[in-house]
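Report on the following structure.
Along the sequence shown, residues are numbered consecutively beginning with 1. Computed from a predicted structure; not experimentally measured.
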Amino acid sequence: MLKDLNVAGVLPASDIARARDFYRDKLGLEPDNPEATDNLMYKCANGTAFLLYETPNAGTAKNTQLGFQSTDLDQDMADLRERGVVFEDYDFPGLKTENGVATMPSGERGAWFLDSEGNILSIATM
């Protein structure tokens with residue numbers, strides 16, 4: 001039943017105004033509901049979307065919360081770096097980044113960064 005429905009991510013923000021600025025200035029995204037004061041809806045490609053909502057719980061998850069799919073990871077990362085996005089470096093068993101990028105055994109590549117609220121976001125080839 002659910003496999004035929006669109007899916008939308010939900011992210012917490014402890015300061016919705018700060019989050020709005022980050023998503024606009026760093027990621028180049030504008031909310032579809034710009035008049036909202038306690039939640040922001042962002043629509044992306046192919047009917048995908050995510051919601052930012054205000055809560056004091058933001059930044060407490062220690063896992064990737066939202067991922068963007070890229071067809072040109074190097075270019076997308078360069079563009080994001082020009083906007084001030086800083087990519088995380090990891091050295092875990094089975095996951096090591098070099099210059100912010102992890103290459104999986106399958107050949108897929110990915111990178112992670114934090115938003116203004118401490119949420120872990122990724123960008124990866126699929």
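- Applying the side chain to side chain contact (heavy atoms under 4.5 Å, CB included) criterion to N6, with sequence neighbours excluded, gives no partner residue.
- By the neighbour-count criterion of 12 heavy atoms within 6.0 Å, atom CG of N63 is densely surrounded, having more than that number from other residues, nucleotides or ligands.
- Qualifying side chain to side chain contact (heavy atoms under 4.5 Å, CB included) partners for L95, counting only residues two or more places apart in sequence or in other chains: Y90, F92, A102, M104, W112.
- A donor-acceptor distance shorter than 3.5 angstrom exists from the side chain of D72 to the backbone of Q75, with no hydrogens or angles considered.
- Here side-chain hydrogen bond (donor to acceptor under 3.5 Å, both in side chains) pairs that include residues 11-22, with residues two or more places apart or in two chains, are S14-R18, S14-E117, R18-E117, D21-R24.
- Expressed to the nearest 0.5 Å, how far CG of L66 lies from CG of L51 amounts to 11.0 Å.
- For the pair P31 and P34, the tightest heavy-atom approach, listed with the atom from each and the gap, is O-CD, 3.7 Å.
- The side-chain hydrogen bond (donor to acceptor under 3.5 Å, both in side chains) search around Y42 returns none, not counting sequence neighbours.
- For residues 53-78, no pair satisfies ring pair (Phe, Tyr, Trp, His ring centres under 6.0 Å), with sequence neighbours left out.
- Counting only residues at least two apart or on different chains, no salt bridge (charged side-chain N to carboxylate O under 4.0 Å, His left out) pair has a member in residues 50-71.
- The OG atom of S122 sits 12.0 Å away from atom CD of E88, with the distance rounded to the nearest 0.5 Å.
- D76 pairs by the side-chain hydrogen bond (donor to acceptor under 3.5 Å, both in side chains) definition with S70, not counting sequence neighbours.
- Screening residues 93-110 for side-chain hydrogen bond (donor to acceptor under 3.5 Å, both in side chains), with sequence neighbours left out, gives D74-R109, D89-T97.
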Decide side chain to side chain contact (heavy atoms under 4.5 Å, CB included) for Y23 and D115; before the verdict, give the C-alpha distance in whole Å, the side-chain angles of both, and the deciding distance to 0.1 Å. CA-CA 8 Å; Y23 282 82; D115 73 1; 2.6 Å; yes
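- Tracing side-chain contacts under 4.5 Å through hydrophobic residues (I, L, V, M, F, W, Y), one reaches L27 starting from L11; they form part of the same cluster.
- Taking the side-chain hydrogen bond (donor to acceptor under 3.5 Å, both in side chains) definition, one finds that E35 meets it with nothing, sequence neighbours left out.
- Criterion: ILVMFWY side-chain heavy atoms under 4.5 Å apart, direct or through other members. Under it, L114 and V101 are not part of a common hydrophobic cluster.
- For N119 (side chain) and P12 (main-chain N/O), a donor-acceptor pair under 3.5 Å exists by modelled atom type.
- Listed here is the closest heavy atom pair of G110 and A124: CA-CB, 3.8 Å.
- By the criterion of side-chain heavy atoms lying less than 4.5 angstrom apart, applied directly or through intervening Ile, Leu, Val, Met, Phe, Trp or Tyr residues, F113 is grouped together with L29 in one hydrophobic cluster.
- With values rounded to the nearest 0.5 angstrom, N33 atom CG is found 5.5 Å from L40 atom CG.
- For E82, there are no side chain to side chain contact (heavy atoms under 4.5 Å, CB included) partners, not counting sequence neighbours.
- Hydrophobic clustering of Ile, Leu, Val, Met, Phe, Trp and Tyr side chains at less than 4.5 Å, counting indirect connections, keeps I120 apart from I123.
- Legend: residues meeting side-chain hydrogen bond (donor to acceptor under 3.5 Å, both in side chains) with D32, ordered by chain and number and at least two apart, are absent.
- Scored by the side chain to side chain contact (heavy atoms under 4.5 Å, CB included) test, A8 finds A49 as partners (sequence neighbours excluded).
- In plain terms, the two heavy atoms of G100 and A111 that are nearest each other are O-CB, 3.2 Å.
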